[in-house]
Amino acid sequence: MTAYLRRKIIKFSVYAIIIYVLYILQSTPGFLEVCNTAPILVLPACVCLAVYEGGFAAGIFGFFAGLLCDCAAETVFGFNALFCMAICVGTGLVFIYMLRRSVLNVMLVSLLAIFSRSVFEFFFTFVIYDYNGLSQFFYTVMAPQAALTAVFSLPMCLLFRWLHGRFEPEESRE
């Protein structure tokens, strides 16, 4: 086994462990809850992984991270998997072809992903069925969850940037 392949295996194993630990933390009742709302820690991690690893690897990680989230979510099974995969592939491609890897760009794309997930979940889970009190639910549950998740985007960005730099060979570091 070459050093390059060994480094890749270790790097992706570390990414998988981080995403799994974040899933366990976000699924723990009462952990990081503010106003009965807990953040979704896996989504910003997948977006940050997509920025530094590209669309293909991020799409695979996004799909499996979304499946983990689907196990504990109150949405249709597969919603999070498809959404995370699409966001990760799109983010990876956008950062390859259009945007520069900066903390500000990563934060903006992460915020866009978080708030679009909240809007899609709200629409496909509640609006379609015409429940009463939808606006109050959005402003008291969905929006605080998105805002609380956005708070964790910066630490995720810094963590994945550090990990990516740590596992890259010396000659290819930015």
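Numbering starts at 1 and runs along the sequence shown. Computed from a predicted model, the values in this text were never measured in an experiment.
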Is the side chain of [X] donor-acceptor paired with the backbone N or O of [Y] at a distance under 3.5 Å, no angle test?
X      : Y      : value
Thr37  : Glu33  : no
Asn105 : Arg100 : yes
Ser116 : Ala113 : yes

Discussion item. List the residues meeting side chain to side chain contact (heavy atoms under 4.5 Å, CB included) with Val14, not counting sequence neighbours, and say none if there are none.
Written reply: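 Result, side chain to side chain contact (heavy atoms under 4.5 Å, CB included) vs Val14: Ile10, Ile18, Leu163, Phe167.
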
Practice prompt. With sequence neighbours left out, write down each residue that passes side chain to side chain contact (heavy atoms under 4.5 Å, CB included) with Cys88, or none if nothing qualifies.
Written response: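 Per chain and number, Cys88 pairs via side chain to side chain contact (heavy atoms under 4.5 Å, CB included) with Cys46, Ala50, Ala58.
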
Worksheet item: Thr149 pairs by side chain to side chain contact (heavy atoms under 4.5 Å, CB included) with which of Ile40, Leu111, Leu41, Val42?
Response: Ile40

Fill in: OH on Tyr52 to CG on Leu159, rounded to 0.5 Å
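Rounded to the nearest 0.5 Å, the CG-OH separation comes to 10.5 Å.
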
Donor-acceptor list for residues 137-145 side chains, cut-off 3.5 Å, not counting sequence neighbours:
from, atom 1, to, atom 2, distance (Å)
Thr140, OG1, Gln136, O, 2.7
Gln145, NE2, Ala38, O, 3.4

Taking [Y] as the starting point, is it possible to reach [X] by hopping between hydrophobic residues whose side chains are less than 4.5 Å apart?
X      : Y      : result
Leu108 : Ile96  : no
Ile24  : Phe31  : yes
Phe115 : Val106 : no
Leu104 : Leu112 : no

Practice prompt. Check Gln26 against Pro39 and note the closest heavy-atom contact, atom names and distance.
Written response: CB-O, 3.7 Å

Item to complete: Assign the ring pair Tyr20 / Tyr23 to parallel, tilted or perpendicular, where the plane angle (0 to 90°) is split at 30° and 60°.
Response: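 Taking Tyr23 first and then Tyr20, their aromatic rings sit tilted (interplane angle of 30° to 60°).
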
Exercise answer: donor-acceptor pairs, residues 61-71 side-chain atoms, under 3.5 Å, sequence neighbours excluded:
from, atom 1, to, atom 2, distance (Å)
Asp70, OD1, Asn80, N, 3.1
Asp70, OD1, Asn80, ND2, 3.0
Asp70, OD2, Gly78, N, 2.9
Asp70, OD2, Ala81, N, 3.2

Worksheet item: Quick one: ring pair (Phe, Tyr, Trp, His ring centres under 6.0 Å) partners of Phe160, sequence neighbours excluded?
Response: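 Partners of Phe160 under the ring pair (Phe, Tyr, Trp, His ring centres under 6.0 Å) test: Tyr15.
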
Practice prompt. Considering only Ile, Leu, Val, Met, Phe, Trp and Tyr, and joining two whenever side-chain heavy atoms are under 4.5 Å apart, list the other residues clustered with Val103.
Written response: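 For the cluster that includes Val103, the remaining residues are Met107, Leu154, Leu158.
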
